[in-house]
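So the structure is just underneath, and the comments pick up after that.
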4 protein chains.
Amino acid sequence: MWKYKLRPRFGDLDPLRHVNNCMLPIWFEGAQEPFYRHFNPDLDVSGPWPLIKAKITVDYVSQMGLDDIEIHSFVKKIGRSSITFYQEAWQKRKLGAKGETVFVHYDYELQKSVAIPEEIRKALEPHMVDPENPNLKTRSGRFSGL
Amino acid sequence: MWKYKLRPRFGDLDPLRHVNNCMLPIWFEGAQEPFYRHFNPDLDVSGPWPLIKAKITVDYVSQMGLDDIEIHSFVKKIGRSSITFYQEAWQKRKLGAKGETVFVHYDYELQKSVAIPEEIRKALEPHMVDPENPNLKTRSGRFSGL
Amino acid sequence: MWKYKLRPRFGDLDPLRHVNNCMLPIWFEGAQEPFYRHFNPDLDVSGPWPLIKAKITVDYVSQMGLDDIEIHSFVKKIGRSSITFYQEAWQKRKLGAKGETVFVHYDYELQKSVAIPEEIRKALEPHMVDPENPNLKTRSGRFSGL
Amino acid sequence: MWKYKLRPRFGDLDPLRHVNNCMLPIWFEGAQEPFYRHFNPDLDVSGPWPLIKAKITVDYVSQMGLDDIEIHSFVKKIGRSSITFYQEAWQKRKLGAKGETVFVHYDYELQKSVAIPEEIRKALEPHMVDPENPNLKTRSGRFSGL
């Protein structure tokens, strides 16, 4: 699991006086940075980027306000060339939202999806978790301690 | 179907030089305004708001750039108290992304979901469509003309 | 003068139930597109960009809500290598905000500011205006008709 | 001085592969939270808000990328009912941008600006600084240590 902390700003809230729903995909993207580094260690943005987002889903669980938010990020599934990412946003020990992102490992030169290298697959394993499991036990045997 | 036009700005694009994925939920929210008006005709933001977003999904179909974008919005399904909204983002006659939003009709005073009134249900029917249907024929018999 | 229309979305408003102050620089940037085209006709984002923003100023004049907004953009001053841009955001015939942006014409290869070519200078002249003038008469003699 | 740390996300960068200029007012707003608390200790967003932004200015000093950013915030000037706030964005020990915000202490019920109470004035003094001073010595005698 990767942890990412943030503090919402005043304008992240909307007239309902809760965090606007559109902030979640933005914060989830911010929290994906350490995952990106497995594919692009220096986060070099000057050349082609090896990951494409194919799909995102966000479930809004409870309303969030002006307090510290912690994003917990996991790898849920590693396919041949795609990876399902699972994330949760917590505020004051309460789950605010959870979401999934499907990434495709992509080669811009070949213009097609490419297999995820074995060494990246191995390196990602400690971050894998089964979100169906209430204890969020990672496959590597460690509890995520949510 | 409701149509909503927008022009991406320079900063809506990211280092990949395409529209950043996080812009889609934002634009889809903007395009939902005429739908909100069925529940809150004057878009009065000073009191409780009758709709809660429970879930969003976005499928990224093709990359978009600095050109006019048109969002097409449909009602996909009307349940007892929830509504599934379906939207597409088009640029240069190409589908860039499609997404769904599940709304819950909510009463803030009772703090629970409430049934969608029959008159709203009727008023929304002309905007219904079956996205599985390649011709996107609305249930009211009119083609959406995408 | 260039005109740019937009419709704020629900989440552009903050808990004060007015447009969040941070939206103005964003909208002003969106409205600068036709000006950019004088320097980069096809808005080609794949190479170096000929303009750098050196400074922005926004004056918040009156609160804005969920209604159509029109941005009016003018060239205020053309220096040797810099241009001062002046913009206004109108809603329901009321001035909501006004702002200035100082651009520098920049050559990324030489890594320095470069003189604004005479033909661009000429082409921009019809968009020039004196914002101190209550009638906003452009220098080319046409009224902006605000 | 107040410090606020943030990590830009991928989509905060634009096609120039640097932080988009519009992010600065957003980050500066986020960093103003401890200042707001002097006027609204619990950041209660359910009632009227005691501060209005009258004007912002941002000077873009150097380009920023995907690295930790630290915002330093100071009070520059306290008038009868207005306060000038001064902020700097630092990345890798380099000044990326600096900006000012003019706040007006406002009473929504009276619909007019009101004097800043003496106790708030006193409490803000340790955060005052003279930005013209290269050492950024605060008026209370402590160096800001930039």
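Chain letters run A, B, ... following the sequence lines, proteins first and then strands; every chain starts at 1.
For chain D, the nearby part of A:L13 is the side chain; its heavy atoms alone come within less than 4.5 Å. In this structure, chain A has no heavy atom under 4.5 Å from any part of D:W27.
Using cut-offs of 30° and 60° on the angle between ring planes, the pair A:F10 and D:Y36 is perpendicular.
Contact tally against chain A (heavy-atom pairs below 4.5 Å) for D:S46, D:G65, D:A31: the top residue is D:S46.
A salt bridge links A:E33 with D:R7: the closest approach of a Lys/Arg side-chain nitrogen to an acidic carboxylate oxygen falls below 4.0 angstrom.
Summarising the local packing, NZ of D:K53 is surrounded by more than 12 heavy atoms from other residues, nucleotides or ligands at distances under 6.0 Å.
Under a 3.5 Å cut-off, the side chain of D:E29 and the backbone N or O of A:R9 do not form any donor-acceptor pair.
A heavy-atom distance below 4.5 Å is not found between the side chains of D:L6 and A:L6.
Atom CG of A:L66 sits about 11.5 Å away from atom CG of D:D42, to the nearest 0.5 Å.
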